[in-house]
Asks: 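The structure follows.
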Amino acid sequence: MKGSLEELGALAHALIHEQRDEEQRLAAIVEMRSLRLRKAEGLTWSPVHVQKQDYTFGGRVRLKLEKGPNGGLDNAFRSGTPVHFYQANESGQPKDSDAVLRGIVRKISQDHAEIIIDGAPLSSAEIHERWTLDERADDKSYRLMGAALNHWINTEDQNERAFRDALLGYSNDRSPHNADDQSSSRSNGDLESLEFLERLNDQQQHWIRRAEGAKQFAVLHGPPGTGKTTTLLAFVKRATDRGERVLLCAPSNAAVDLLVKGCVQQSVHVVRLGHPMRMDDSVFEWGVDAQVERQTDFKQVKAFRKRAELAWKTANKFHRNFGATERAERKASRTEARSLGAEASALETYIADRLIRSTPVVCATLVGSADQILEGQTFDWVIIDEAAQAMQPAAWIPMRRGKRVILAGDPQQLPPVVKSAQAVQGGLEVSLLERAMMKSPAEALTISNHMLTHQYRMHPDIMKPASSLFYNGQLIAADLASTHRCDEQAFQFIDTAGCGFDEQRIEGSHSTINSEEAQFVVARMREFLNQHPEMSMGVIAPYRAQAETLGRMWKEQAGESTEVEQESRITCSTVDAFQGQERDIIVISLTRSNPTGEIGFLKEYRRINVAMTRAKHHLLVIGDGATVGQDAFFESLLKHAESHGAYRSAWEWMHESDNPGS
């Protein structure tokens with residue numbers, strides 16, 4: 001019988017396949033294609049000029065860069081992107097492979113960027129050179145995930161072994177709860193005694209009672225709009241009021257930032273780990289960097305850094321005649337600079353450690369929870385929100401730091417992004433949340449025992465198809481009739497079959513567009529916004545090329561209209577960008593239209609679930625029923641629309657004009 005060690009070992013091999021595929025894919029583009037093609041594809045800037053060099057938190061070297069003429073696409077990189085920085089030869093490759101600097105993008109704005117580089121600062125001569133900036137694979141995350149798996153496979157700690165085996169279902173004791181949920185010493189006082197919990201429904205309060213009685217771990221299944229994050233934050237508030245410490249994690253920086261905001265709203269003292277470049281500006285003041293800099297003894301760190309900077313300037317000073325004396329002086333200045341930098345870093349680390357140990361809630365991404373600043377620290381609770389989106393090896397990273405673990409999320413929404421077919425076969429696409437909820441002969445963590453079912457976001461007509469297709473009809477619409485502004489039917493499916501809206505494949509790409517469907521979608525967008533000018537709108541397509549086409553068409557039309565201000569309230573993107581968000585109106589462009597019934601990415605039904613459940617007041621799905629209806633899932637969606645009077649044909653609009661965009 002397969003055991004936990006074999007399962008984690010298989011994940012380790014799957015992770016290696018995923019890392020190799022990612023590295024090979026990016027390396028093939030960066031190293032084998034010409035500099036011109038790399039710049040055209042948004043992977044390279046060249047030439048790049050250094051405008052300024054200074055230091056950021058931790059003494060890291062920060063370079064402010066400007067892209068030269070014809071240097072590549074504006075905004076080609078994203079904040080947090082790993083990069084290589086080097087001087088290139090005529091073929092666009094490094095002149096000296098040993099002189100390639102590794103770094104990470106801190107900020108990006110059109111043709112300007114800030115990067116943080118590893119190692120010593122550039123010399124005065126190097127600052128004036130022409131440089132090249134390449135995107136690279138993020139090997140750090142893979143190293144940390146691999147190290148986490150290695151730890152849980154080889155741990156000699158009996159408690160950790162028991163936890164690992166129980167979570168994966170290889171233990172006779174699969175139950176996460178004490179026999180008597182009410183007997184837990186951690187459940188001090190009645191829930192009703194705290195004002196902030198009065199807004200929770202009975203189901204949410206019941207989950208908190210059960211979670212507080214957890215022996216090792218608990219699961220919260222929170223479908224869209226059911227108040228999962230609200231429930232988690234209420235749990236965190238109660239834990240900190242009892243004097244307990246919480247490590248609060250999520251897979252993405254955006255999700256972590258939302259948790260930080262939630263803690264702040266509840267007056268919970270929180271510190272956010274991670275690079276400032278990866279934080280939203282609205283939470284920057286709760287970042288560890290900003291809080292450390294507000295400590296009174298940080299002024300001594302700044303003094304050390306200032307002296308180190310002066311020492312580096314002295315070391316790099318130009319000498320017309322450079323002899324033994326100058327060489328000795330340069331060596332001494334460099335030694336002094338490094339010594340001062342080390343003293344600054346040591347004091348800064350001490351201040352940060354003191355700050356974190358005195359803070360009840362620490363927020364970080366899963367990978368960020370491996371930060372050395374947390375080494376040796378133990379938390380009463382490790383909570384992983386949006387756990388269904390995380391690769392399983394990443395979820396294992398923070399769990400060694402806590403006595404008890406809570407996994408929260410929805411396995412019916414976006415799964416982990418895994419590109420290697422071998423990695424998928426190895427189980428890497430199965431999240432730890434999904435794995436923990438799998439039934440076993442022993443007592444299972446069943447969905448029914450832990451799923452919140454009262455949803456507060458969607459109009460009941462929007463909720464029904466998602467509830468039927470993904471949640472066994474269990475979702476219940478809360479009584480929000482007064483807040484749902486809906487003059488017409490909240491859910492509609494407009495079938496474009498027979499209209500001649502044919503898809504087109506982008507040459508040299510896996511992406512697909514449907515320009516005529518996009519024109520039709522934009523026309524419906526304008527109708528909705530004319531009727532509801534106060535509402536926000538999200539437009540979702542399964543293919544990035546279609547999303548970009550929709551965005552371009554909308555901007556062209558918005559610029560011609562008198563209501564240009566509407567443009568700022570419209571977001572056109574793929575599903576991933578909308579995870580965790582909501583809009584008053586959601587329009588989905590299914591894009592695919594072909595005689596063979598090929599639907600590609602649309603077969604990732606969980607992505608369709610995410611798209612459909614972002615809408616609060618109106619959900620409009622537009623697509624070719626003859627194409628998508630050949631798939632069983634979309635056939636069910638079409639039948640639901642027909643049986644509820646939500647099905648319409650695009651021909652109702654086509655007679656108005658031969659132009660589908662009119």
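Sequence positions, counted from 1, serve as the residue numbers for this chain. Heavy-atom basis, side chains included; hydrogens, waters and symmetry copies ignored.
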Asks: Which is it for L259 and V236 under the side chain to side chain contact (heavy atoms under 4.5 Å, CB included) test, yes or no, and what are the steps along the way?
Replies: CA-CA 10 Å; L259 294 171; V236 170; over 6 Å; no

Asks: Check whether any side-chain N or O of E18 sits under 3.5 Å from a backbone N or O of K419 as a donor-acceptor pair, and report yes or no.
Replies: yes

Asks: If I take atom CG from residue L233 and atom CG from residue L258, how far apart are they, to the nearest 0.5 angstrom?
Replies: 9.5 Å

Asks: Check whether any side-chain heavy atom of R435 sits under 4.5 Å from a side-chain heavy atom of P411, and report yes or no.
Replies: no

Asks: Carefully, step by step, assess Q300 and L347 under the rule side chain to side chain contact (heavy atoms under 4.5 Å, CB included).
Replies: CA-CA 8 Å; Q300 191 173 352; L347 178 56; 3.8 Å; yes

Asks: Rounded at 0.5 Å granularity, tell me how far CD in Q372 sits from CG in D353.
Replies: 11.5 Å

Asks: Would N253 and D257 count as having a side-chain donor-acceptor pair, cut-off 3.5 Å?
Replies: no

Asks: Hey, are the side chains of E114 and K52 touching, using non-hydrogen atoms and a 4.5 Å cut-off?
Replies: no

Asks: Measuring from E6:CD to L168:CG, what's the distance to the nearest 0.5 Å?
Replies: 11.0 Å

Asks: Would you confirm whether Q53, through its side chain, and L122, through its main-chain N or O, come within 3.5 Å as a donor-acceptor pair?
Replies: yes

Asks: Kindly determine whether D54 and K64 satisfy side chain to side chain contact (heavy atoms under 4.5 Å, CB included), including the steps that lead there.
Replies: CA-CA 9 Å; D54 58 12; K64 296 185 178 182; 4.3 Å; yes

Asks: For S4, is there any backbone N or O sitting under 3.5 Å from a side-chain donor or acceptor partner on R164?
Replies: no

Asks: Using 0.5 Å steps for rounding, measure from the CZ atom of R334 to the OG atom of S339.
Replies: 16.0 Å

Asks: Taking the side chain from E343 and the backbone from L340, do they hold a donor-acceptor pair closer than 3.5 Å?
Replies: no

Asks: Count the heavy atoms belonging to other residues, nucleotides or ligands that lie under 6.0 Å from CZ of R102, then report whether that count exceeds 12.
Replies: no

Asks: Work out which heavy atom in A436 is nearest to a heavy atom in L167; give both atom names and the distance.
Replies: CB-CD1, 3.9 Å

Asks: Rounded to the nearest 0.5 Å, what's the gap from CE on M437 to CE on M451? Could you check?
Replies: 8.5 Å

Asks: Determine whether more than 12 heavy atoms belonging to other residues, nucleotides or ligands lie under 6.0 Å from atom NE2 of H151.
Replies: yes

Asks: Before accepting this row, confirm whether a basic side-chain N of the pair D380/K403 lies closer than 4.0 Å to the acidic partner's carboxylate O.
Replies: yes

Asks: Check this for me: does any side-chain nitrogen of one of E434 and R606 sit under 4.0 Å from a carboxylate oxygen of the other?
Replies: yes

Asks: Got a list of side-chain donor-acceptor pairs under 3.5 Å for residues 385-399, not counting sequence neighbours?
Replies:
from	atom 1	to	atom 2	distance (Å)
D385	OD1	K228	NZ	2.8
E386	OE1	Q389	NE2	3.2
Q392	OE1	W396	NE1	3.4
Q392	NE2	V430	O	3.3

Asks: Can W312 and R338 be said to form a side chain to side chain contact (heavy atoms under 4.5 Å, CB included), step by step?
Replies: CA-CA 9 Å; W312 278 116; R338 292 190 180 97; 4.1 Å; yes

Asks: When you check the side-chain N and O atoms of Q377 and R245, is any donor under 3.5 Å from an acceptor?
Replies: yes

Asks: For R354, what residues pass the salt bridge (charged side-chain N to carboxylate O under 4.0 Å, His left out) criterion, not counting sequence neighbours?
Replies: D297

Asks: How far apart are the closest heavy atoms of T349 and I373, and which atoms are they?
Replies: O-CD1, 3.8 Å

Asks: Shortest non-hydrogen contact from T613 to R457?
Replies: O-NH1, 2.7 Å

Asks: Thinking salt bridges, do E160 and R400 make one under a 4.0 Å N-O criterion?
Replies: no

Asks: Do NZ/NE/NH1/NH2 and the carboxylate oxygens of R272 and E285 come within less than 4.0 Å?
Replies: no

Asks: Please determine, by modelled atom types, if K261 and S282 share a side-chain donor-acceptor pair under 3.5 angstrom.
Replies: yes

Asks: Counting only N and O atoms by type, is there a donor-acceptor contact under 3.5 Å from the side chain of N609 to the main-chain atoms of Q412?
Replies: yes

Asks: Between L43 and F77, which heavy-atom pair has the shortest distance, and what is it?
Replies: O-CE2, 3.7 Å

Asks: Below 30° counts as parallel, above 60° as perpendicular, anything between as tilted: where do the rings of W381 and F235 land?
Replies: perpendicular

Asks: Just checking, is any N or O donor in the side chain of Q425 or H17 under 3.5 Å from an acceptor N or O on the other one?
Replies: no

Asks: Under 3.5 Å, is there a donor-acceptor pair between the side chain of T240 and the main chain of K237?
Replies: yes

Asks: State, with a plain yes or no, whether a side-chain heavy atom of L133 is found less than 4.5 Å away from one of L65.
Replies: yes

Asks: Do I356 and V288 come within less than 4.5 Å of each other through their side chains, counting heavy atoms only?
Replies: yes

Asks: Are I116 and V61 close enough that some pair of their side-chain heavy atoms sits under 4.5 Å apart?
Replies: no

Asks: Has Q295 got a side-chain atom pairing as donor or acceptor with Q291's backbone, closer than 3.5 angstrom?
Replies: yes

Asks: Pairs under 3.5 angstrom only: tabulate donor-acceptor contacts from the side chains of residues 361-369 to other protein residues two or more places apart or in another chain.
Replies:
from	atom 1	to	atom 2	distance (Å)
T365	OG1	G368	N	2.9
S369	OG	L366	O	2.6

Asks: Is there a side-chain contact between I383 and C249, using heavy atoms and a 4.5 Å cut-off?
Replies: no

Asks: With a 4.0 Å cut-off, would you call E348 and K302 a salt bridge?
Replies: no

Asks: Ignoring hydrogens, what is the shortest heavy-atom contact between C263 and L248? Give both atom names and the distance.
Replies: SG-CD2, 3.9 Å

Asks: Nearest 0.5 angstrom please: Q413 CD to S431 OG, how far?
Replies: 12.0 Å

Asks: Which atoms form the tightest heavy-atom contact between A234 and L200, and what is the distance?
Replies: CB-CD1, 3.7 Å

Asks: Using modelled atom types and a 3.5 Å cut-off, is there a donor and acceptor pairing between side-chain atoms of S358 and backbone atoms of L355?
Replies: yes

Asks: Salt bridge or not for D576 and R607, using N-O below 4.0 Å?
Replies: yes

Asks: Counting C-beta onward and ignoring hydrogens, is there a side-chain heavy-atom pair between W207 and L220 closer than 4.5 Å?
Replies: yes

Asks: Pairing donors with acceptors under 3.5 angstrom, does anything connect the side chains of Y170 and E7?
Replies: yes

Asks: Kindly say whether N150 contributes a backbone atom to a donor-acceptor pair with the side chain of N154 at under 3.5 angstrom?
Replies: yes

Asks: Tell me, do I104 and T81 make a side-chain contact under 4.5 Å, heavy atoms counted?
Replies: no

Asks: Any sub-3.5 Å donor-acceptor pair from T231's side-chain atoms to G227's backbone N or O?
Replies: yes

Asks: Heavy-atom count around R161 CZ within 6.0 Å, excluding the residue itself: above 12?
Replies: yes

